[in-house]
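Just passing along the structure, written as structure tokens.
Keep in mind that this is a model prediction, so the values were computed, not measured.
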Amino acid sequence: QVQLVESGGGLLQAGGSLRLSCAASGRTFSRYTMGWFREAPGKEREFCGAISWTGGSTYYADSVKGRFTVSRDNAKNTVYLQMNVLKPEDTAVYYCAAVPDYSGSGYYVERRAYVYWGQGTQVTVSS
């Protein structure tokens, strides 16, 4: 069982930066691929990025590639989402998610692949 708690959301202007954190409980955090998703009003939850349990592999949606960075600190049971050059269209509730990763590839980009979810944190970007 893994419990996830996101933090770091807020309101900011376009062009700014924000770092989200996701604290995980559970002794096997280091064996999970961690993903970040977002859900805007009236839209489906979409993939943003993922990181393998070693941290050696990361994957990003085209919409955030080059602006968002996923990282993790297994010693702290925490995964991060650094968001730069934020745009109004980045406004959404951001969720972290976890999936056991026996292969170690970290390539989990589908929402349905993830087993555990946090409660989400709101990010609002004004123009």
Side-chain angles (χ1 to χ4, degrees):
Q1 187 80 8
V2 175
Q3 293 183 329
L4 305 172
V5 179
E6 301 95 335
S7 62
L11 170 65
L12 70 165
Q13 292 186 330
S17 297
L18 200 63
R19 189 177 81 159
L20 305 182
S21 299
C22 174
S25 65
R27 293 176 295 177
T28 57
F29 170 77
S30 62
R31 296 295 181 176
Y32 284 76
T33 279
M34 301 299 296
W36 284 96
F37 289 75
R38 66 186 181 185
E39 187 171 329
K43 296 186 177 181
E44 293 187 356
R45 193 171 300 187
E46 65 173 1
F47 172 76
C48 290
I51 187 168
S52 63
W53 64 264
T54 64
S57 297
T58 53
Y59 305 93
Y60 299 95
D62 288 342
S63 59
V64 306
K65 195 174 296 182
R67 300 188 299 122
F68 290 12
T69 302
V70 182
S71 62
R72 67 191 295 163
D73 185 338
N74 287 343
K76 295 182 178 179
N77 281 9
T78 302
V79 63
Y80 305 97
L81 180 66
Q82 177 67 43
M83 304 185 292
N84 298 326
V85 195
L86 281 161
K87 306 174 182 179
E89 51 263 44
D90 294 318
T91 295
V93 177
Y94 283 74
Y95 299 88
C96 70
V99 54
D101 186 2
Y102 303 110
S103 71
S105 73
Y107 189 67
Y108 293 89
V109 301
E110 298 287 338
R111 174 183 177 180
R112 59 187 176 184
Y114 286 81
V115 178
Y116 302 105
W117 292 84
Q119 83 290 347
T121 185
Q122 176 71 47
V123 173
T124 303
V125 184
S126 63
S127 57

Shared ILVMFWY cluster between Val115 and Tyr32, side chains joined below 4.5 angstrom?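 Yes, one cluster joins them.
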Taking only residues at least two apart or on different chains, which pairs with a member in residues 49-84 satisfy disulfide (SG to SG under 2.5 Å)?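 Applying disulfide (SG to SG under 2.5 Å) to every pair that reaches into residues 49-84, excluding sequence neighbours, yields nothing.
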Is a side-chain N or O of Glu46 found less than 3.5 angstrom from the main chain of Arg38, in a donor-acceptor match?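 No, the answer is negative, given that no donor and acceptor are paired below the 3.5 Å cut-off.
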What pairs with Glu89 under side-chain contact (heavy atoms from CB on, under 4.5 Å), at least two apart in sequence or on another chain?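 By the side-chain contact (heavy atoms from CB on, under 4.5 Å) rule, Glu89 matches Lys87.
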State, with a plain yes or no, whether a side-chain heavy atom of Leu4 is found less than 4.5 Å away from one of Met34.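 A side-chain contact exists here, since the closest heavy-atom pair is under 4.5 Å.
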Return each pair, listed once, that meets side chain to side chain donor-acceptor pair (under 3.5 Å) where at least one residue sits in residues 10-19; pairs must be two or more places apart or across chains.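 Pairs touching residues 10-19 that pass the test: Ser17-Asn84.
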Quick check against the 3.5 Å criterion: does Glu6 have a side-chain atom that pairs as donor or acceptor with the backbone of Gln119?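 Present.
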Does Thr121 reach the main-chain N or O of Tyr94 with its side chain, forming a donor-acceptor pair under 3.5 Å?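 Judged by distance alone, no pair lies under 3.5 Å.
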Output all residues satisfying salt bridge (charged side-chain N to carboxylate O under 4.0 Å, His left out) with Lys76, sequence neighbours left out; order by chain, then residue number.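 If we apply the salt bridge (charged side-chain N to carboxylate O under 4.0 Å, His left out) test to Lys76, skipping adjacent residues, there are no hits.
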Can you name the closest pair of heavy atoms from Asn77 and Asn74 and give their distance?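 So the minimum-distance heavy-atom pair works out to OD1-O, 3.1 Å.
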Would you please name every residue forming a ring pair (Phe, Tyr, Trp, His ring centres under 6.0 Å) with Tyr114, sequence neighbours left out?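 Result, ring pair (Phe, Tyr, Trp, His ring centres under 6.0 Å) vs Tyr114: Phe37.
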Common cluster, Val93/Tyr116, ILVMFWY with side-chain heavy-atom separation under 4.5 Å: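 They do share one cluster, since a chain of ILVMFWY contacts under 4.5 Å joins Val93 to Tyr116.
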Set of side-chain contact (heavy atoms from CB on, under 4.5 Å) partners for Thr54, sequence neighbours left out: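 Here the qualifying residues are Ser52.
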Of all heavy-atom pairs between Ser127 and Pro88, which one has the smallest distance, and what is that distance?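 Ser127 and Pro88 have their closest heavy atoms at CB-CG, 3.8 Å.
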Applying salt bridge (charged side-chain N to carboxylate O under 4.0 Å, His left out), can you list everything that pairs with Arg45, at least two apart in sequence or on another chain?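 By the salt bridge (charged side-chain N to carboxylate O under 4.0 Å, His left out) rule, Arg45 matches Glu39.
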Which atom names give the shortest non-hydrogen contact between Tyr108 and Ala50, and what distance separates them?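 Shortest heavy-atom contact: O-CB, 3.8 Å.
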Does any non-hydrogen side-chain atom of Leu20 lie less than 4.5 Å from one of Met83?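 Contact flag for Met83/Leu20 side chains = yes.
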Name all residues meeting the disulfide bond (SG atoms under 2.5 Å apart) criterion together with Cys48; count only those two or more places apart in sequence or in a different chain, and write none if there are none.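 Here no residue qualifies.
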Under the salt bridge (Lys or Arg N to Asp or Glu O under 4.0 Å) definition, can you give me all pairs with a residue in residues 98-118, not counting sequence neighbours?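 Output for this query is empty, none listed.
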Could I get the full list of salt bridge (charged side-chain N to carboxylate O under 4.0 Å, His left out) partners for Arg67, not counting sequence neighbours?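 Only Asp90 meet the salt bridge (charged side-chain N to carboxylate O under 4.0 Å, His left out) criterion with Arg67.
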Determine whether Tyr80 and Trp36 fall in the same hydrophobic cluster, where Ile, Leu, Val, Met, Phe, Trp and Tyr are linked whenever their side-chain heavy atoms lie under 4.5 Å apart.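 No, it is not one cluster - the side chains of Tyr80 and Trp36 are not joined through contacts under 4.5 Å.
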Atom CZ of Phe47 and atom CG of Asp62: how far apart are they, to the nearest 0.5 Å?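 Answer for the CZ-CG pair, Phe47 versus Asp62, is 10.5 Å.
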Nearest 0.5 Å, what's the OG-CZ distance between Ser21 and Arg72?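 One gets 13.5 Å once the value is rounded to the nearest 0.5 Å.
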Residues in side-chain hydrogen bond (donor to acceptor under 3.5 Å, both in side chains) contact with Ser105, at least two apart in sequence or another chain: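 Counting only residues at least two positions away or on another chain, Ser105 forms a side-chain hydrogen bond (donor to acceptor under 3.5 Å, both in side chains) with Ser103.
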Can you tell if the side chain of Thr33 reaches within under 4.5 Å of the side chain of Ile51, non-hydrogen atoms only?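 Contact flag for Thr33/Ile51 side chains = no.
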Joint cluster assignment, Trp53 & Trp117, ILVMFWY side-chain distance < 4.5 Å: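 Not linked; separate clusters.
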Got a sec, which residues hit ring pair (Phe, Tyr, Trp, His ring centres under 6.0 Å) with Tyr59, two or more places apart in sequence or on another chain?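 Checked Tyr59 against ring pair (Phe, Tyr, Trp, His ring centres under 6.0 Å); matches are Tyr107.
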For residues Tyr60 and Val70, determine if any side-chain heavy atom of one lies less than 4.5 Å from a side-chain heavy atom of the other.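 The answer is yes, as the side chains (C-beta and beyond) meet within the 4.5 Å cut-off.
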